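Below, each value reflects all heavy atoms present in this structure, side chains not excepted, and no hydrogens, waters or symmetry copies. For clarity, every value in this text was computed on a predicted model and none was experimentally measured. All residue numbers in this chain count up from 1 along the given sequence.
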Amino acid sequence: MPNKKSKDFFHFLSKSFKKLERLLFLVKALITPRQFIYVSCVLVGISSALAVIVLKTFAHAVYNLAQYFDSFLHLPYSNSIFPIIGILLTVLIVKKVLDGTLHQGTAQIMNAIARKNGILPRKQMYSQIITSSFTVGMGGSAGLESPITITGAAFGSNYAQNYHLSYKDRTLLLACGVAAGIAAAFNAPIAGVLFAIEVVLVEISITAFIPIMISAATGALVSAVVLNEDILLNFKQGDVVDYQNIPYYILLGLLSGFVSINYARTFRSIEKWFHKRKHPYRKALLGASMLAILIFFFPTLFGEGFESIKILANANPEKILDNTLLSNFKDNSWALLIFVGLTMLVKVYATGLTLGSGGNGGNFAPSLFVGSYLGFVVAKLINLIGLTDKISVSNFTLVGMAGILSGLFHAPLTAIFLIAEITGGYNLMVPLMIVSSISFAITKRFEVYSFDIKDLADKGEVFTDNRDKNMLNSIEVSKLITTDIKSVGESNSLEELIEVIKTSTQILFPVLDENEQLMGVIRLNEIRPIILSSFHVKHTSIKEVIRPPKEIILYDETADTMMEKFENSQTTLLPVLKNGKFIGFISKYHILEEYRKKLISMTID
């Protein structure tokens, strides 16, 4: 019976994993902690690579299926239908299987490091694979790299939790999973290492490079052995670079920066528009239908779009017009230029509709898509208007990918080495450096935070480029509030206050009304001359010694903003309010002591 065979198979898998787990606990007991990290980073690398293989294979299979249907229809009708089905299935899975929640974007990884001690939920090890497979695999105009990095990070985090590793090792293995995922997705181990360091981790020691490099190399190796080369984004080395074209590369860098800014802001606007719509299925149907219309007119928006990037970078870019409404104009260079330019401009709307309506994916692949199309448009336009006939359209198509990736994610090193690795050489290194650095400089000027974390940064939840704020924001300040506080009422006499002082070690006394709301504070050092004089005690009321607090801390504030208030008030003790009511005091020294402990635990070596 098939059911019995399936049960036997899963039972066998379960027993095998338990045996492996016991073996690893034994290995951990027999070797040094550092050696166990080396073993662990290999296993995390393999796990991440396998996730990449599942995602990429499924997405490529569905893409081929859609092309098979189109070979009969000759118009992108089927391409338009698939994404609607995929997004609706994704929303259904999220609602029925994943408790209605699905976190998107690599910002979740940074948030886990900054505020959750490097802990990612166990369901992230499979939820990203399932949902992004349906969304992107069935034509949603997004990328698989963000789900891949989250899955890899979840493997690393949960592996570390399972084997009771420290915060430092947990964060390191989380980064190993990210590096292996990127390395496997592009067969680019150096780019995987740089992405993990440049985007995920802010500061690490040199010794932390070794496990990350091992994971990245493992992921790339497994992917290269198992995955068909056609599934990966790779190119033959570009044309020889003509250094007389450096001014045009500078122009490409400038345009990349401004296109990146426009992409980021437009995408966020689309997300906000969808966020106002609460009904998940209506929202999914609305967004997916709008996406279907875009794909009908611009079929290369279907899925990740890597196939179209390969076409543009090769000798016959006009093939990109096959099975489009402009297929009869393949020999017209201006028609090709206009089609590619318009597709580049609407890509952000296609990706925004895909993710805003409830699909799952990321913006890593779309950034490469937009960059390649931008590079093609710039080079093709220069050639067509006759400024020069020495522009390599292939080179500009490849270098443009680095420009948008660098600008959008603030990751110039990742962008440079990713394109260098997927082209199989370093022939384009100088143009890559020029375009990536200019694009990064422009976007950094107008967008302080990278595209993927801006929303979290605006909320004060994560600051990947500021280690102090990362550590402060990871402190659970609610545990540092002193709630066992003796208070007085506004109607109490000074004699009653003295009796409270006699049985307390406090130096600051809150004055509360009948609703537990803070009326002010009484500072012991200010009233000491008064309470030592019986005359003043008799003729001074509580109201006369109440002072307004120099600052007030709200219960849900971060430690970072609290420290700003301590600095502004030049005091070491401040009252804390929750829903308008006084709940206790918090000390600057307690926060600094917790910060010191975090500083020790967060040093990755």
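Listed here is the closest heavy atom pair of Ser367 and Leu405: OG-CD1, 3.6 Å. Between Ala179 and Ile212, the shortest heavy-atom contact is CB-CG2, 3.7 Å. Closest approach of Gly361 and Ala142 over heavy atoms only: CA-CB, 4.1 Å. The shortest non-hydrogen separation linking Ser260 to Gly403 is OG-O, 4.1 Å. Considering all non-hydrogen atoms of both residues, Gly139 and Ile295 come closest at O-CD1, 3.8 Å. Of all heavy-atom pairs spanning Gly287 and Phe274, the tightest one is CA-CZ, 3.7 Å.
Between the CG atom in Leu480 and the NZ atom in Lys588 there is a gap of 15.0 Å [rounded to 0.5 Å]. To the nearest 0.5 Å, atoms OH (Tyr555) and CD1 (Ile481) are separated by 5.5 Å. The structure places CG of Leu592 at 8.0 Å from OG of Ser587, a figure rounded to the nearest 0.5 Å. Taking CD1 from Ile85 and CE from Met138, the interatomic distance works out to 5.0 Å, rounded to the nearest 0.5 Å. For the atom pair CZ (Phe440) and CG (Leu413), the distance works out to 9.0 Å, reported to the nearest 0.5 Å. In this structure, Leu355 CG and Phe267 CZ are separated by 4.5 Å, a value rounded to the nearest 0.5 Å.
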Self-check item: Working for side chain to side chain contact (heavy atoms under 4.5 Å, CB included), residues Phe134 and Ile87
Solution: CA-CA 7 Å; Phe134 282 109; Ile87 291 173; over 6 Å; no
Quiz item: Under the side chain to side chain contact (heavy atoms under 4.5 Å, CB included) criterion, do Leu43 and Leu24 qualify, and how do the steps go?
Solution: CA-CA 11 Å; Leu43 295 175; Leu24 286 172; 3.7 Å; yes
Exercise. Show the numbers, then the answer: is there a side chain to side chain contact (heavy atoms under 4.5 Å, CB included) between Asn187 and Ile422?
Key: CA-CA 7 Å; Asn187 194 19; Ile422 65 177; over 6 Å; no
Quiz prompt | Test side chain to side chain contact (heavy atoms under 4.5 Å, CB included) applied to Phe369 and Thr300, step by step | solution = CA-CA 10 Å; Phe369 182 100; Thr300 56; 4.1 Å; yes
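Under the 4.5 Å side-chain criterion, counting only non-hydrogen atoms from C-beta, Phe25 is in contact with His164. Using a 4.5 Å heavy-atom threshold, the side chains of Phe409 and Glu198 count as separate. Side-chain contact between Phe566 and Ile586 is present, with at least one heavy-atom pair separated by less than 4.5 Å. The side-chain heavy atoms of Ile37 and Leu165, taken from C-beta on, include a pair separated by under 4.5 Å. Counting heavy atoms from C-beta on, the side chains of Val370 and Val348 never come closer than 4.5 Å. No side-chain heavy atom of Val576 sits under 4.5 Å from any side-chain heavy atom of Leu554. Under the 4.5 Å side-chain criterion, counting only non-hydrogen atoms from C-beta, Ile210 is in contact with Tyr38. With contacts defined as side-chain heavy-atom distances shorter than 4.5 Å, the pair Phe155/Leu174 does not qualify.
Between the side chain of Thr218 and the backbone N or O of Gly45, no donor-acceptor pair lies under 3.5 Å. Counting only distance, with no hydrogens or angles, the side chain of Ser215 and the backbone of Cys41 share a donor-acceptor pair below 3.5 Å. Side chain of Glu421 to backbone of Ala191: a donor-acceptor contact under 3.5 angstrom is found. At distances below 3.5 Å, at least one donor-acceptor pair connects side-chain atoms of Ser157 with backbone N or O atoms of Leu120. Not one N or O on the side chain of Glu447 forms a donor-acceptor pair closer than 3.5 Å with the backbone of Lys444. When atom types are taken as modelled, the side chain of Ser357 and the backbone of Thr354 share a donor-acceptor pair closer than 3.5 angstrom. A distance-only check finds a donor-acceptor pair linking the side chain of Ser48 to the backbone of Val44 [under 3.5 Å]. Using a distance-only test at 3.5 Å, with no hydrogens or angles considered, a donor-acceptor pair links the side chain of Ser308 to the main chain of Gly305. With hydrogens and angles ignored, the 3.5 Å screen pairs a side-chain donor or acceptor of Asn158 with a backbone N or O of Ala154.
Atom NZ of Lys565 is surrounded by more than 12 heavy atoms from other residues, nucleotides or ligands within 6.0 Å. No more than 12 heavy atoms of other residues, nucleotides or ligands shown are found within 6.0 angstrom of CZ on Arg122. Shown here is Tyr589, whose OH atom has no more than 12 heavy atoms of other residues, nucleotides or ligands within 6.0 Å. Counting heavy atoms of neighbouring residues, nucleotides and ligands inside a 6.0 Å radius, atom NE2 of His279 exceeds 12 of them.
Evaluation of the salt bridge (Lys or Arg N to Asp or Glu O under 4.0 Å) rule for Lys28 yields no partner, not counting sequence neighbours. When the salt bridge (Lys or Arg N to Asp or Glu O under 4.0 Å) test is applied to Lys479, the partners found at least two apart in sequence or on another chain are Glu476. Partners of Glu593 according to the salt bridge (Lys or Arg N to Asp or Glu O under 4.0 Å) rule, which considers only residues two or more places apart in sequence or in another chain, are Arg596.
The stretch residues 276-287 participates, sequence neighbours left out, in no salt bridge (charged side-chain N to carboxylate O under 4.0 Å, His left out) pair at all. Among pairs with a residue in residues 407-417, none fulfils salt bridge (charged side-chain N to carboxylate O under 4.0 Å, His left out), at least two apart in sequence or across chains. Among pairs with a residue in residues 125-152, those fulfilling side-chain hydrogen bond (donor to acceptor under 3.5 Å, both in side chains) read Lys56-Glu145, Thr90-Thr135, Gln124-Ser127, Gln124-Gln128, Gln128-Asn360, Thr131-Asn360, Ser141-Lys347, at least two apart in sequence or across chains.
Ring pair Phe195/Phe364: centre-to-centre distance below 6.0 Å.
No hydrogens or angles considered: nothing links the side chains of Ser40 and Tyr163 as a donor-acceptor pair under 3.5 Å.
Checked against Met401 for a side-chain contact (heavy atoms from CB on, under 4.5 Å), the options Leu432, Leu418, Thr423, Ile309 give a single hit: Ile309. With respect to Asn363, the side-chain contact (heavy atoms from CB on, under 4.5 Å) criterion is satisfied by exactly one of Thr351, Leu368, Ile404: Thr351.
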